[in-house]
Amino acid sequence: MKKLLVLGMLALAGLAMAQPKVFKGTEPGRAGGAYRVTSISDPRTWNPFVARETSSTDIIALFLPYLTTYDPYTQAPEGRLAKSWEVRNNGLTVIFKLREGAKWSDGQAIDADDVIFSATVHADQRVNSNSRSSFILDGQPIKWTKVDQFTVRADFPKPYAPALIQGWYIVPEHIFGPAYRAGVQQLQALWNLDTPPAQVVSGGPFKLDSYVKGERVVLVRNPNYWGVDERNNPVAYLERYTVQIVPDLNAQLARFLAGEADTFSAANADQVAQVLERIRANRLRAEIFPNVDVTLGTNFIVFNWNHKDPFKENLFRQVKFRRAMAHLMDKKSMIEVALGGLGQPQWSPISIPNKAFFTDDVAKFEFSPQKAVQLLAELGFRTKNRDGWLVNAQGKVLEFNLVTNQGNNVRERIAQIFRDEARKVGVKVEYRPIDFNELVRQLTTPAADGTREFDAILIGLTGGIEPAFFRNVWQLNGSLHAWNQGVGGKNPAKVEAFEVLIDTLMTRGATTLDQAQRRQIYVQFQKVVAENLPLIYTVAPAYNPARLTRLGGMFPKEQINSITGQAPYIETIFAKE
């Protein structure tokens, strides 16, 4: 990524973009047709203030607007609802001009009141939005104010490197405002899965049409959308966008091979081979790009530091225990067996494709059962009982449950490999897959006393090119501070010294403008995480995207990457037939 952040952003100050928003596709498109994708899980909500999981946010992103994002061609800041901006006060103030004429699907104008209201709710600690970290800098709020109906102002308490990337969801104030004023619980109850789709107001390219649990979510083009192509034709081109709920990766592959899904990301070499075989036999009009990149994101095992069992809580908080578990992570076998050789070991909390910040120069607790046994002995687990399980001096068995999301065959195999290696040295790991939404609930919803019910979870996080946007994971009060979760957006009751250091580094990284200095901060952050292992990373699969040839508006092979994906915009994808 180029040195673009605030230094590059300031050069863009004052540039005006035409109204409505112009989306530059890869080729001229045409209106009509459908786009079909698969999801491993049902969504949990349509409410952006409640959503924590991609099964929900991937759909919400299709019908709610945001101010700015990255240009998919250059990675420079790009306006969405904001048509232009002006940077003042040495970068501490940004004035965003909104697109006049933009409307919600119910016909009401999208204006500054919606933006300011949404910012207020995202920042509210009681709501505990997943985006809350984007509104707090070093404990101080970013102040959002209305200038006029189509102008908003953001005042930052400190310099903020990604100040021009404001990708949080904007909601209609006329829908959410009355509920918020009636109480946070009323707001959080809005737009649940029982809400009739017609009542979910859209400001994005699509709007909800129908939802059948366990089967599909259907969205249709939003006629009030404020986007056009370079020929001034309305976008999105697609008439319909269907998310098929297929809770198994192999079943998702079967849908793609049958021509019933338009895109697919092969999880391993076997799936790549099946797609290639079908294409070469002229039984599938498609193309696939094996190993074109490394996937953007991370997969890891997280242990519950807020366990109701004091023994397990204390055990999981021991860095020697976590390092022992890391030494039982046979990443070579995980890559060979689960990924068919198409993947890399993951050691860092920053995704491998994020070259601007990623470093491989971190502590690596390589696969070594012998070192694991030594560390566990130092923790008091020196002997085995008659069943072959390690026990301490009091006869307490070293055991825990491990869960991952059912149907994700890659994660299931990785979990099984880890379980088997742990059992070989006497660690009793009981593994079982569970429903993804239940997995997320257990991870993100502590009880009133701060405890959570799981032992260990194998899960993943989506990646991105801006580490400051992952403060909700790494800062102490983050909504996804997965290993040591606070209640209601507050810090955990008991924290470790390295967590405080990580919190500090994440603040420094977000508030430092010099790119070289930022990199050094995030390199140190990666080193601290790798040494202390709050998350124990597994492997990074290769990015193996595939698509039916009926789709237009897609990137050619040389432009495909895991950061942007197969197409620059959903707005400019179209059906050729």
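Heavy-atom basis, side chains included; hydrogens, waters and symmetry copies ignored. Numbering of residues begins at 1 and proceeds along the displayed sequence.
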Legend entry - Glu453 bridged to Lys308 by N-O distance under 4.0 Å: no
Inset, instruction - Apply ring-ring contact (aromatic ring centres under 6.0 Å, His included) to the pair Phe49 and Phe176, showing each step before the final yes or no. - result: CA-CA 11 Å; Phe49 303 118; Phe176 278 79; 5.7 Å; yes
Inset, instruction - For the residue pair Tyr537 and Phe300, categorise the inter-ring angle as parallel (less than 30°), tilted (30 to 60°) or perpendicular (more than 60°). - result: perpendicular
Inset, instruction - Would you please classify the geometry between the Tyr522 ring and the Phe525 ring as parallel, tilted or perpendicular, with 30° and 60° separating the classes? - result: perpendicular
Legend entry - Short N-O contact, Glu173 and Arg181, less than 4.0 angstrom: yes
Legend entry - Carboxylate-amine/guanidinium contact Lys494 Glu313, below 4.0 Å: yes
Inset, instruction - Using a strict 4.0 Å threshold on nitrogen-to-oxygen distance, state whether Glu78 and Lys21 make a salt bridge. - result: yes
Legend entry - Ring center gap for His307 and Trp305 short of 6.0 angstrom: no
Inset, instruction - Check salt bridge (Lys or Arg N to Asp or Glu O under 4.0 Å) between Glu499 and all other residues, then give those that pass, not counting sequence neighbours. - result: none
Inset, instruction - Fit a plane to each ring of Phe316 and Phe303, take the angle between them on a 0 to 90° scale, and name the class: parallel (under 30°), tilted (30 to 60°) or perpendicular (over 60°). - result: tilted
Legend entry - Spatial distance of atom CG (Leu62) from atom OH (Tyr35) [nearest 0.5 Å]: 10.0 Å
Legend entry - Residues in salt bridge (Lys or Arg N to Asp or Glu O under 4.0 Å) contact with Asp455, at least two apart in sequence or another chain: Lys312
Inset, instruction - For the pair Gln475 and Ser133, evaluate side-chain hydrogen bond (donor to acceptor under 3.5 Å, both in side chains) and give the outcome as yes or no after the intermediate values. - result: CA-CA 8 Å; Gln475 290 192 315; Ser133 62; 5.7 Å; no
Inset, instruction - List the steps, then state whether salt bridge (charged side-chain N to carboxylate O under 4.0 Å, His left out) holds for Arg323 with Glu531. - result: CA-CA 8 Å; Arg323 288 175 178 175; Glu531 283 281 350; 3.2 Å; yes
Legend entry - Closest non-hydrogen atom pair between Asn354 and Glu466, with its separation: ND2-N, 4.5 Å
Legend entry - Salt-bridge contact Glu412-Arg432 (side-chain N to carboxylate O under 4.0 Å): no
